[in-house]
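Working notes, beginning with the structure itself.
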Amino acid sequence: MPTETFQHLSSQKKQNIKTALLKEFSTHPLATAQVARIVKTAGVARGTFYKYFADLVDAHQWLLMTVIRDLDLHPERLVQQIGRAREYQTMIETLMKRIQQSDYAAFLKNYYESNEGFLVAQGVKYRQLNQLNAQQWAIMVLCHQTIQECLMNPGDQQTVIKRLGAALVGIIGG
């Protein structure tokens, strides 16, 4: 996560960094992302980048957490209050609309397409998954997969969300 130095930046400087990171991580997988492009876009020196972040993975994780916060995508809340299958379908439909209307759609598509697997290979772990019971875990995995498929194949979104609902009926009921 970003350093204390980053936390004390003006909101405009943070926004410049965020915009540069969003541009880089929306168009390039983490494996080929470059600090050089980020600092050029942000208008900061290369050394300054490393005063803010340990490396590109750290910067990506910060941006991912920012996107989660901005879009109100708190997965732990999604599964902790288990509702009915239709409620989850509605939540995912609403979430997909928020993503598609945001500046984050390309970033999230690239995350699912390239960066999620790269981060797992780098040893990045998502601790909240260990705290879920079997039912919560199943719901989380199905919702996650649905979001990924909707981003990868937007024309199939309604079919994919309907399939989520059918699967969840078997797990939690209608």
Side-chain angles (χ1 to χ4, degrees), residues 1-2 14 18-19 21-33 53-174:
M1 288 295 119
K14 283 183 188 175
K18 177 183 168 188
T19 299
L21 292 173
L22 187 59
K23 180 179 178 186
E24 184 70 11
F25 296 134
S26 293
T27 55
H28 300 280
L30 251 170
T32 62
F53 303 101
D55 54 24
L56 284 169
V57 171
D58 188 39
H60 184 277
Q61 288 301 95
W62 173 79
L63 183 59
L64 181 60
M65 294 302 112
T66 300
V67 169
I68 288 170
R69 185 195 68 233
D70 289 356
L71 291 175
D72 197 26
L73 301 174
H74 303 284
E76 62 281 353
R77 281 195 324 215
L78 179 72
V79 296
Q80 286 173 350
Q81 297 176 354
I82 296 176
R84 305 321 266 150
R86 182 67 192 135
E87 293 171 31
Y88 280 99
Q89 276 185 270
T90 301
M91 282 192 296
I92 296 299
E93 287 170 345
T94 302
L95 171 60
M96 291 312 302
K97 286 178 187 168
R98 278 200 320 265
I99 290 171
Q100 291 159 349
Q101 293 169 356
S102 76
D103 294 331
Y104 301 131
F107 170 79
L108 288 170
K109 182 177 182 191
N110 200 25
Y111 169 77
Y112 282 111
E113 202 169 60
S114 304
N115 296 332
E116 184 177 37
F118 179 83
L119 290 166
V120 169
Q122 296 295 308
V124 174
K125 297 196 189 286
Y126 299 98
R127 289 174 205 58
Q128 74 267 22
L129 292 178
N130 295 333
Q131 300 166 5
L132 302 177
N133 65 38
Q135 187 180 46
Q136 291 170 325
W137 176 83
I139 293 167
M140 174 76 88
V141 169
L142 289 170
C143 289
H144 181 90
Q145 183 65 27
T146 300
I147 294 166
Q148 180 179 9
E149 288 184 34
C150 288
L151 286 166
M152 297 296 119
N153 303 297
D156 297 336
Q157 181 171 315
Q158 290 306 314
T159 303
V160 171
I161 292 173
K162 193 180 276 187
R163 186 180 65 208
L164 168 68
L168 289 175
V169 165
I171 296 171
I172 57 177

Write down the atom of [X], the atom of [Y], and the distance for their closest heavy-atom approach.
{"X": "Tyr88", "Y": "Cys143", "value": "CD2-SG, 4.0 Å"}
{"X": "Ala85", "Y": "Gly165", "value": "CB-O, 3.5 Å"}
{"X": "Pro29", "Y": "Asn110", "value": "N-ND2, 3.7 Å"}
{"X": "Ala167", "Y": "Leu142", "value": "CB-CD1, 4.1 Å"}
{"X": "Ala59", "Y": "Leu21", "value": "CB-CD2, 3.8 Å"}

*asked:* Quick one, Asp70 with Ser102, criterion side-chain contact (heavy atoms from CB on, under 4.5 Å). Give me CA distance, side-chain angles, the key distance, then yes/no.
replied: CA-CA 9 Å; Asp70 289 356; Ser102 76; over 6 Å; no
As an exercise, state the distance from [atom1] of [X] to [atom2] of [Y], rounded to the nearest 0.5 Å.
{"X": "Thr66", "Y": "Gln61", "atom1": "OG1", "atom2": "CD", "result": "10.5 Å"}
{"X": "Leu108", "Y": "Glu116", "atom1": "CG", "atom2": "CD", "result": "10.5 Å"}
{"X": "Gln148", "Y": "Thr146", "atom1": "CD", "atom2": "OG1", "result": "10.0 Å"}
{"X": "Thr159", "Y": "Leu164", "atom1": "OG1", "atom2": "CG", "result": "12.5 Å"}
{"X": "Leu56", "Y": "Leu63", "atom1": "CG", "atom2": "CG", "result": "12.0 Å"}
{"X": "Ile161", "Y": "Ile147", "atom1": "CD1", "atom2": "CD1", "result": "9.0 Å"}

*Got a sec, which pairs hit salt bridge (charged side-chain N to carboxylate O under 4.0 Å, His left out) with one end in residues 140-156, sequence neighbours left out?*
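Every pair satisfying salt bridge (charged side-chain N to carboxylate O under 4.0 Å, His left out) with a residue in residues 140-156: Glu149-Arg163.
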*By salt bridge (charged side-chain N to carboxylate O under 4.0 Å, His left out) - contacts of Lys109 (at least two apart)*: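 Listed in chain order: nothing, the list is empty.
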_Determine whether a donor-acceptor pair (N or O, by modelled atom type, separation under 3.5 Å) exists between the side chain of Thr32 and the backbone of His28._
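No; judged by distance alone, with no hydrogens or angles, the pair does not exist.
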*Distance-only, no hydrogens or angles: does the Asn115 side chain make a donor-acceptor pair with backbone N or O of Phe118 under 3.5 Å?*
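No, because the side chain of Asn115 does not come within donor-acceptor range (under 3.5 Å) of the backbone of Phe118.
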Taking C-beta and beyond as the side chain, do [X] and [Y] meet within less than 4.5 Å on heavy atoms?
{"X": "Phe25", "Y": "Leu30", "value": "yes"}
{"X": "Arg98", "Y": "Asp72", "value": "yes"}
{"X": "Leu168", "Y": "Arg84", "value": "no"}

*Can you tell which of Glu93, Lys97, Gln100 makes a side chain to side chain donor-acceptor pair (under 3.5 Å) with Gln157?*
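Output: one option passes, namely Gln100.
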_For His60 and Tyr111, take the angle between the two ring planes, folded into 0 to 90°, and tell me which bin it lands in: parallel under 30, tilted 30 to 60, perpendicular over 60._
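The arrangement is parallel - the two ring planes meet at less than 30°.
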*Below 4.0 angstrom, N of the basic side chain to O of the carboxylate: do Lys18 and Asp103 qualify?*
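Judged by the 4.0 Å cut-off on N to carboxylate O distance, Lys18 and Asp103 do not form a salt bridge.
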